[in-house]
Protein chains: 2
Amino acid sequence: MSCESDVEQALRESGRRFTMQRSKILTALRHGGGHRTADEIFEQVREEDPHAGISRSTVYRALDTLKQMRLVSELDSHPGTATFEWTDREAPRHHHLVCRGCGGTVELELPALAAIESEIERTTGFDPDIRHLGITGLCEQCRD
Amino acid sequence: MSCESDVEQALRESGRRFTMQRSKILTALRHGGGHRTADEIFEQVREEDPHAGISRSTVYRALDTLKQMRLVSELDSHPGTATFEWTDREAPRHHHLVCRGCGGTVELELPALAAIESEIERTTGFDPDIRHLGITGLCEQCRD
DNA sequence: TTCTTTGCAAATTGTTTGCATGCTC
DNA sequence: GAGCATGCAAACAATTTGCAAAGAA
């Protein structure tokens with residue numbers, strides 16, 4: 001699930017259509033290098049190609065279907081504005097630190113969380129999305 | 001920081017006022033036994049005392065100042081509607097599992113997270129709010 | 001009396017929806 | 001050609017803001 005044609009195939013197999021808009025949204029999300037809000041994606045697509053037919057509702061709807069297909073995931077810890085990320089199954093799992101002061105995010109790997117994931121599953125039967133985990137706090141600069 | 005008068009003092013010391021509304025909001029939050037959205041708090045206060053002068057904006061503003069004072073914390077992982085909790089420093093730290101299927105929440109203690117907290121601080125200088133951590137996923141019933 | 005807080009209503013922001021048209025399969 | 005997808009504009013929901021009046025120190 002890592003290049004355009006795979007996505008195209010996945011869409012077709014589930015009876016959906018592979019459209020220009022979806023393709024551009026995915027590209028913006030994948031090559032944008034990180035997390036993007038719906039609005040950022042909208043602006044990014046529009047900027048790269050002002051003639052591209054794209055609207056906010058399309059972005060929301062596309063993100064929604066891609067989420068259902070598990071190709072895109074919505075990050076937690078961004079109060080007020082949903083933030084999305086391309087779900088790359090090959091990449092190492094990383095987690096997000098979201099600063100409540102400046103809103104900036106830092107990524108880091110926390111291998112120890114894998115153990116917690118299985119502990120949760122074992123004790124509660126809950127299947128946690130550790131992958132989407134966002135941890136809020138204060139970054140070094142904002143701690144003053 | 002566990003009874004009414006402490007809150008009153010904390011407010012006074014920071015040059016703020018101790019008002020009926022703030023008192024009732026806190027009571028609703030503390031004795032409500034768990035997490036509450038702004039709207040739930042509003043309804044709860046209004047229900048307990050229909051004559052109480054309270055408005056939604058007041059709830060939001062009060063929660064905001066209480067958050068700044070670290071007396072109340074906003075939980076992550078509740079997309080769309082912010083959820084708040086009384087920050088009880090004496091209580092054991094618990095964490096939240098939020099089901100993306102039914103929206104239900106489960107609380108559990110995860111002592112292992114304390115180690116992760118210090119790891120984050122050590123490696124990134126970030127001060128994480130592990131306390132507010134919300135983990136999304138699918139609960140046992142919704143996994144079908 | 002001074003300065004904070006409140007209520008009300010209006011404004012914002014982020015997101016969703018209905019419907020006619022366009023495009024993919 | 002059939003049915004999913006799109007754009008537009010309107011609908012929504014949650015939260016914020018301006019301003020005059022009320023309340024705490």
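Order of the sequence lines fixes the chain letters, A, B, ..., with proteins taken first and strands second; residue numbering starts at 1 for each chain. Just so it is clear, the values below take in all heavy atoms, side chains as well, and ignore hydrogens, waters and symmetry mates.
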Give a yes-or-no answer on whether the side chains of B:Glu13 and B:Gln9 include a donor-acceptor pair shorter than 3.5 Å.
yes

Distance-only polar pair, side chains of A:Ser14 and A:Arg16, donor-acceptor under 3.5 Å:
yes

Using side chain to side chain donor-acceptor pair (under 3.5 Å) as the criterion, point out the one residue from B:Glu40, B:Glu74, B:Glu107 that pairs with B:His35.
B:Glu107

Whole angstrom value for the distance that separates [atom2] of [N] from [atom1] of [X]:
X	N	atom1	atom2	value
A:Leu75	C:dG14	CG	P	17 Å
B:Gln21	D:dG23	CD	C1'	9 Å
B:Tyr60	D:dA14	OH	P	7 Å
A:Arg12	D:dC4	CZ	C1'	13 Å
A:Leu63	C:dG14	CG	P	15 Å
B:Phe84	D:dT15	CZ	P	7 Å
A:Lys24	D:dA5	NZ	P	18 Å
B:Leu11	D:dG23	CG	C1'	15 Å

Taken to the nearest 0.5 Å, the spacing of B:Asp129 CG from A:Thr136 OG1 works out to 4.5 Å

Between the base of C:dG22 and the side chain of A:Arg17, is there a donor-acceptor distance below 3.5 Å?
no

Does D:dT6 have OP1 or OP2 sitting under 4.0 Å from an N or O in the side chain of A:Thr58?
no

What contact category does [X] fall into here, base, sugar-phosphate, or nothing, at under 4.0 angstrom with non-hydrogen atoms?
X	result
B:Arg16	sugar-phosphate
B:Thr19	sugar-phosphate
B:Thr81	sugar-phosphate
B:Arg22	sugar-phosphate
B:Ala62	nothing
B:Arg61	base

Do B:Leu11 and B:Thr19 make a side-chain contact, defined as non-hydrogen atoms from C-beta onward lying under 4.5 Å apart?
no

Assert: residue with more 5' nearest nucleotide on DNA chain D, out of B:Arg56 and B:Met20, is B:Arg56

